[in-house]
Amino acid sequence: MADVKQRNGFLGFIRVLWRGINITRQAILNLIFFGLLLIIILAAARRPLPLQDKTVLVIEPRGQIVEQYSIDPAQRVLARLSGERMQQVQLRDLLTVLRHAAGDPHISAVLLDTSDLQTGTWTFATLRQLGHAIEQFRASGKPVIAWASGYDQGQYYLAMHANRVLLDPQGGVLFTGLDSYQPYFKGLLDKLGVDVHLFRVGQFKSAAEPFLLNGPSPAAQEADGYWLGGLWNQWLDAVAKARKLSPAQVKSDVDNLPAGVAAAGGDLAKMALDEHFVDALATRAQLIRELRAYAAPGQDGHGFRAVSFGDYLARVQRERRIDDNRPEIAVVVAEGDIISGPQKPGTIGGAETARLIRQAREDKDVKAIVLRVNSPGGAVYPAELIRREVQLTRAAGKPVVASMGNVAASGGYWISMDADQIVAEPDTITGSIGIFGLYFNIPQTLAKIGIHTGGVTTTPWAGAFDMTRPLDPQVGAAIQQIIDKGYLDFVGGVAKARGKSFDAINAIAQGRVWTGRQAYERGLVDKLGGIDTAIALAAQDARLGKDYQVRYVEPRIKPFDRFLMSLGDSALASIALDHGITVPRWLAAFAPRAAGPLQLLQSARPGKVNVYAYCFCGP
């Protein structure tokens, strides 16, 4: 009997303990819930203090300038609330902020700090468009002061549009020219015993060469040298114009870099000043003193009155959250590799992007569509799904204008070719009209470790794509015929869309890459310009005049993600950050997006011939 009481007593203790834990858990959850509810109420009720006169807008882009975030909303909000600047900034946001600030009487100047901006050969089109926006801001009579701890040639391509270009005395301006290098895997694949079968059309379609050669083919070197040289000449001309120098002088300064360094005694900052690439050398303290000519002192009497890009963007977005019944131009972003199946932003899912175009077409308020393309291509079938929706939209009477960003090559051109008009920056990398198929099999690899396969089939084609078996030559010939037909479809489609003969397009196709300017000269592009140019053309084609609004059509945001985004943009968040209240920075960590030739194969299906319209001409 005593044992029973003892057991009951122990079980009773466990029950009481569990009730206590459960009550504590509910109390914590309620505390979190009501805390978040309080934040929402405060965020809705409180607004940031209005901007004061003589405020400098500080733009410090960090990481990459993108068409569309590939970072999810939770990470973006955590980055903002932790006081960390995100590793991505949207081009549309930079353009919006500069456009709005030009007419804002409280903004007296812009400080542009490009120290942490990631650039490269494939970003020149974006930098050119942003530079044009800076010049439009300057036209309002307000100055732009560029300063950095150092400039590479991409950062400088943006900073040179400022009224004054300043450099830290311990920094430097380093121009090295452009290059196009990539890894080649043939030696490794040979050692592993992997057989690579390439099926392609086009003398210059070199995207698969890394798997077949140990270096670029002569045709690839010829083509790459042409478009890369075109980009470099445009860079030289633009820098020379901005700095009131001759292109020959700028080229000489770059070519004779060692001599320039020696003449400056190893002082890169002095060399930049002597060669007139910067207007002055300035420490941060000297920069602040210069900005005090345009801005009031800071709250504590030190520094200068300023508003950050993120806070100013949040203000602009809050002001724009009103009902607007004007007709719409819809912008659909296609950024990244083109892959089958649903994809996150930063990669193009063919069916999802096609759905967004279809959604815009079926929206009675949308009168025209701009397809903003920043893609080196990818799989053919999902690209075709997108092209069909463009074609159907035009057939429905709604104009479509393709706006090419940094890269719109191969599959990126495929999805653009049926637009009413194609707009590209002179620095856009485009063309590469061609397709290829890759097939890998590993019988030799297995043999190296003593594994062999054998069996029977009911037909000569059964098991033809078993990667453990050699590829039958007849199967290879059939695949090549399929690739040939795909190339004919691509070139024929471009010829029909551009109103040219097959032979005329075939002569400039062959998988060859062009700059936007070179493509324009060859009739592959209708007009040179950025997304603003494309939007204006869409409005013109739809006969909208000046009375329209622009809306980005994007995948639906989940309610909780929308809540997080509104929290990050809230007045309360700005107030908290102003008082040094942040979340731990480790919560804001995120992994950068992978890049390189091997990324293309991540979506490849084993035992299948993977057919691509792709150009390894991006990051």
Side-chain angles (χ1 to χ4, degrees), residues 51-61 65 89-115 117 119 123-148 151 153-167 173 234-245 250 272-273 276-282 286-296 304-313 315-316 425-427 528-533 535-536:
L51 283 179
Q52 296 176 286
D53 291 341
K54 301 191 72 176
T55 296
V56 171
L57 171 62
V58 179
I59 299 178
E60 302 174 275
I65 300 175
V89 58
Q90 291 188 133
L91 174 62
R92 72 184 87 160
D93 294 337
L94 289 165
L95 298 177
T96 295
V97 160
L98 284 167
R99 189 182 303 114
H100 194 276
D104 188 335
H106 305 297
I107 299 297
S108 56
V110 164
L111 168 61
L112 175 65
D113 182 352
T114 60
S115 301
L117 177 62
T119 67
T123 64
F124 282 5
T126 289
L127 297 175
R128 178 185 286 267
Q129 178 159 4
L130 191 51
H132 180 63
I134 290 173
E135 292 176 351
Q136 289 181 316
F137 175 88
R138 287 178 54 184
S140 68
K142 303 175 185 180
V144 177
I145 309 299
W147 179 93
Y151 296 101
Q153 55 204 21
Q155 294 166 341
Y156 189 81
Y157 202 47
L158 178 60
M160 69 182 186
H161 294 278
N163 294 76
R164 279 173 59 76
V165 180
L166 308 180
L167 173 67
V173 176
Q234 288 171 185
W235 186 93
L236 292 171
D237 291 343
V239 172
K241 180 180 179 182
R243 300 303 301 173
K244 296 179 173 59
L245 303 169
V250 177
L273 187 62
H276 306 290
F277 290 127
V278 299
D279 296 295
L281 305 181
Q286 292 168 331
L287 170 66
I288 290 171
R289 283 200 295 271
E290 178 158 339
L291 288 170
R292 289 283 287 269
Y294 309 104
F304 59 94
R305 184 177 293 159
V307 60
S308 71
F309 166 78
D311 285 346
Y312 192 75
L313 175 64
R315 289 171 180 268
V316 172
E425 289 283 6
D427 303 306
L528 295 177
I531 190 168
D532 290 341
T533 301
I535 290 171

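Values in this document were obtained by computation on a predicted structure and should not be read as measured data.
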Peer 1: Looking at side-chain heavy atoms only, is the closest gap between H132 and Q129 below 4.5 Å?
Peer 2: no
Peer 1: What distance separates L51 CG from R305 CZ, expressed to the nearest 0.5 Å?
Peer 2: 9.5 Å
Peer 1: If every non-hydrogen atom of F304 is compared with every non-hydrogen atom of A295, which pair is closest and at what distance?
Peer 2: CB-CB, 3.9 Å
Peer 1: Which heavy atom of S108 sits nearest to which heavy atom of P143, and what is that distance?
Peer 2: O-CD, 3.4 Å
Peer 1: Provide the closest heavy-atom pair for A148 versus S115 in the form atom of the first, atom of the second, distance.
Peer 2: CA-OG, 3.3 Å
Peer 1: With distance as the sole test, does R138 use its side chain to make a donor-acceptor pair with the main-chain N or O of H161 at under 3.5 Å?
Peer 2: yes
Peer 1: Between NE2 of H106 and OG1 of T55, what distance do you get to the nearest 0.5 Å?
Peer 2: 8.0 Å
Peer 1: At what distance, to the nearest 0.5 angstrom, does CG of D532 lie from CD of Q136?
Peer 2: 6.5 Å
Peer 1: Taking all non-hydrogen atoms of both residues into account, name the closest pair between A101 and Y312 and its distance.
Peer 2: CA-OH, 3.5 Å
Peer 1: Roughly how far apart are M160 CE and Q153 CD, rounded to 0.5 Å?
Peer 2: 11.5 Å
Peer 1: Check step by step if side-chain contact (heavy atoms from CB on, under 4.5 Å) holds for T119 and L158.
Peer 2: CA-CA 10 Å; T119 67; L158 178 60; over 6 Å; no
Peer 1: Exactly one of L127, T114, V165 should register a side-chain contact (heavy atoms from CB on, under 4.5 Å) with Y156. Which one does?
Peer 2: V165
Peer 1: Between R128 and Q234, is there a side-chain heavy-atom distance shorter than 4.5 Å?
Peer 2: yes
Peer 1: Decide yes or no for L94 and F309: does some side-chain heavy atom of the first lie under 4.5 Å from some side-chain heavy atom of the second?
Peer 2: yes
Peer 1: Rounded to the nearest 0.5 Å, how far apart are CG of L91 and OG1 of T96?
Peer 2: 9.0 Å
Peer 1: Test your reading of the model: is there a side-chain donor-acceptor pair from N163 to the backbone of I145, 3.5 Å cut-off?
Peer 2: no
Peer 1: Over all heavy atoms of both residues, which pair between K142 and I107 is shortest? Give the atoms and the distance, please.
Peer 2: NZ-O, 2.9 Å
Peer 1: When you look at V239 and F277, which way does the side-chain contact (heavy atoms from CB on, under 4.5 Å) test go after all the steps?
Peer 2: CA-CA 9 Å; V239 172; F277 290 127; 4.1 Å; yes
Peer 1: Check whether any side-chain N or O of W235 sits under 3.5 Å from a backbone N or O of F124 as a donor-acceptor pair, and report yes or no.
Peer 2: no
Peer 1: Supply the atom-to-atom distance R292 CZ to K54 NZ, rounded to the nearest 0.5 angstrom.
Peer 2: 9.5 Å
Peer 1: Can you give me the closest heavy-atom contact between P61 and L112, atom names plus distance?
Peer 2: CD-CD1, 4.4 Å
Peer 1: For D93, run the side-chain contact (heavy atoms from CB on, under 4.5 Å) check against L313, I65, L98 and tell me which one passes.
Peer 2: L313
Peer 1: Name the residue from I59, L287, L166, I288 that meets the side-chain contact (heavy atoms from CB on, under 4.5 Å) definition with L111.
Peer 2: L287
Peer 1: Going by heavy atoms in the side chains, are F137 and V110 under 4.5 Å from each other?
Peer 2: yes
Peer 1: Are R243 and D279 close enough, and set up right, to give a salt bridge (Lys or Arg N to Asp or Glu O under 4.0 Å), and what steps lead you there?
Peer 2: CA-CA 9 Å; R243 300 303 301 173; D279 296 295; 3.1 Å; yes
